[in-house]
Protein chains: 2
Amino acid sequence: MECSAANINIREFRRDASRSQVACSRCSLGELCLPRGLDPDEVQRFEKIVNRSRPLRAGEHLFRAGDEFRSVASVRTGCFKSYVVDAEGQEQVLGFHLPGEIIGLDAIHSCRHTASVVALDTSAVCTLSFESVTQMARSMPELQAELFRIMSARISELETIAGDLSADERIAMFLLSLSDRFSRRGYSEHEFILAMSRRDIASFLRLATETVSRVLARLQKSGLLKVDRKQVRIRDLDALREVARQQAA
Amino acid sequence: MECSAANINIREFRRDASRSQVACSRCSLGELCLPRGLDPDEVQRFEKIVNRSRPLRAGEHLFRAGDEFRSVASVRTGCFKSYVVDAEGQEQVLGFHLPGEIIGLDAIHSCRHTASVVALDTSAVCTLSFESVTQMARSMPELQAELFRIMSARISELETIAGDLSADERIAMFLLSLSDRFSRRGYSEHEFILAMSRRDIASFLRLATETVSRVLARLQKSGLLKVDRKQVRIRDLDALREVARQQAA
DNA sequence: CGGCAAATTGACTCCACTCAAAGGAGGTGG
DNA sequence: CCACCTCCTTTGAGTGGAGTCAATTTGCCG
């Protein structure tokens, strides 16, 4: 299991947070985060409900399954994974979260966090009381719309993952998803670091770790990729898309 | 493919709709539908944006993938399935929709319906302009909250389906989900009709139709079920839960 | 009754999993 | 600084569950 001593809860965040630092208007994430589409005046009002947390080290938890649902979090830097532990005690990875992505929206309907969320890297988040966000959304149509869009996008994403795909297709899709998300954040779409372990990737894609290794080796041998531990270089993006045979979105 | 002549679009619904019939306050779905939690005055305002459609026959489409996203629909009677067609032309069933369930929320982020939705039975829906719903949600906190809850619940559902489950577990989960949904709607949790074909079930659960047949036969032989074509009787609900080994939600 | 699609059943195949073992990489303490 | 430990990753060999192919049965509807 994870190091439970490293657990941190949201109330502590609040105390640690230095509100003065928060300035979405000058945040490098810009249009990638929740206040997307708000006008400058609205952004200024929005900033008032944002709490910036102190950095988390790899292995520290942001939420624990079962925690009361109060806040959502937006990744500022680093990378998180969310997971549940099934009946047999096996960890099931549900997703990875990059800067600008909103964590915790799946907890709304049950009022509790159904998943645990842990930092894979040194990471930082902004937390927002969900109560405040929804209240603010009532007077900011664009904020409300953005919340709906984020949840709708996650539904579509899951509908794809749930599909009947081969191991190769899954891996290809996974790499393409990362490539796309990194490139939107200003990083290379051809070369990036996998913050997560092979085991996490396997769990996320519902494969065995050995299969992840084998598929990556195979894709490398056929010249589509260059893999060195956590470093990935995509040599032929189009060929990889071919493997993923991704349906028109 | 489906009978495309039977396609109907939302604009035609509008014309056919007889607004005078709409009365959520007297609808038998009551707390199962979107206006859940609204006070009587709010329900009355809500009714003004609801359009009741004429009945659809089995095989008629409610939405087509690619249609512009304007409206969501709430199932009034009957049963629908939503599906996409993948790169190989194979139909992938994404879900089944019973009375009170909201269809179309996955279309928000792309502004187009990503899935097609077709009636499996003689069915009827209420349609709502999404623009109107979101606008109204701003002044009705409970409506906004309900929209968030519905989407959040769908995310959690998909996270489960996407899991790494055996054929038996999938079938058991599927039957339990139906049992639960029927019982909430006042029907028996032990006995119900499968509106969908074996092929649809298989596609939804990412199995082969033959596997669905075999598993149902196996569960029947071991005494948990009685299956006669579309009629299902669950003889041992707890044992079925055991098979599904569903994680605490 | 005849024609057709859906469903079932059986035989065989294959992809991904499991089991097993051999490398690395990184961290810790002597 | 090196020895040692542990965890992660990779690679090989064999197994099994679900898929595919094929044949038959069942039910439906004109």
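This one's a predicted model, so the numbers in the text were calculated from it and none came from an experiment. In what follows, chains carry the letters A, B, and so on, assigned in the order in which the sequence lines appear, proteins first and then strands, with residues in each chain numbered from 1.
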Side chains of residues 171-178 of chain A: which donor-acceptor partners sit under 3.5 Å, not counting sequence neighbours?
residue, atom, partner, partner atom, Å
A:Ser177, OG, A:Arg181, NH1, 3.2

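Every residue meeting the side chain to side chain contact (heavy atoms under 4.5 Å, CB included) condition with B:Asp168, not counting sequence neighbours, appears here in chain and number order: B:Ser166, B:Val215, B:Arg218, B:Val243. Applying the side-chain hydrogen bond (donor to acceptor under 3.5 Å, both in side chains) test to B:Arg112 and every residue at least two apart in sequence or in another chain returns nothing. Listed by chain and residue number, A:Ser116 satisfy the side chain to side chain contact (heavy atoms under 4.5 Å, CB included) test with A:Ala65 (two or more places apart in sequence, or in another chain). In this view, B:Asp164 satisfies the side-chain hydrogen bond (donor to acceptor under 3.5 Å, both in side chains) rule with no residue, not counting sequence neighbours. Residues meeting the ring-ring contact (aromatic ring centres under 6.0 Å, His included) test with B:His113, sequence neighbours left out: B:Phe63, B:Phe69. Contacts of B:Cys27 classified as side chain to side chain contact (heavy atoms under 4.5 Å, CB included), with partners at least two apart in sequence or in another chain: B:Leu29. Taking A:Arg233 as the reference, A:Glu191, A:Lys226, A:Arg235 meet the side chain to side chain contact (heavy atoms under 4.5 Å, CB included) condition, with sequence neighbours excluded.
Across the protein-nucleic acid pair, A:Leu165 atom CG and D:dG19 atom P stand 14 Å apart, rounded to whole Å. Atom P of nucleotide D:dT9 and atom CZ of A:Arg199 are separated by 9 Å, given to the nearest angstrom. One atom, CG of B:Leu216, and another, P of D:dA18, lie 14 Å apart when rounded to the nearest Å. Between the CZ atom of B:Arg170 and the C1' atom of D:dG17 there is a distance of 13 Å, rounded to whole Å.
For the pair B:Asp164 and B:Thr211, both in contact range of DNA chain C, the more 5′-proximal nearest nucleotide belongs to B:Thr211. The 5' end of DNA chain C is approached more closely, in terms of each residue's nearest nucleotide, by B:Ala217 than by the other of B:Ala217 and A:Leu207.
Along DNA chain C, read 5' to 3', the first and last nucleotides having any atom under 4.0 Å from a heavy atom of chain A are C:dA16 to C:dA25.
Residue B:Arg206 is in sugar-phosphate contact alone, with no base atom involved, counting any heavy-atom pair closer than 4.0 Å across all strands shown. Residue contacts for B:Ser166: at a heavy-atom cut-off of 4.0 Å it reaches the sugar-phosphate backbone alone, with no base atom in range.
Dashed line: the shortest gap from a side-chain N or O of A:Arg198 to OP1 or OP2 of D:dT10 is under 4.0 Å.
For the side chain to side chain donor-acceptor pair (under 3.5 Å) condition, no pair includes a residue of residues 208-217 of chain B, sequence neighbours left out.
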*Where along nucleotides 21-30 of chain D does protein come under 4.0 Å, by heavy atom, of base (B) or sugar-phosphate alone (S), with - for untouched nucleotides?*
BB----S---
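Distances were taken from every side-chain heavy atom of B:Ala208 (C-beta onward) to each of D:dT9, D:dA18, D:dT20; the shortest belongs to D:dT20.
For OH of B:Tyr187, the number of neighbouring non-hydrogen atoms (other residues, nucleotides, ligands) closer than 6.0 Å is 12 at most.
Over its full length, the helix from C:dC1-D:dG30 to C:dG30-D:dC1 turns its helical axis through 40°, comparing axes from the five pairs at each end and rounding to 10°.
Of the possible polar contacts, none joining the B:Thr127 side chain to the B:Ala73 backbone as a donor-acceptor pair under 3.5 Å is found.
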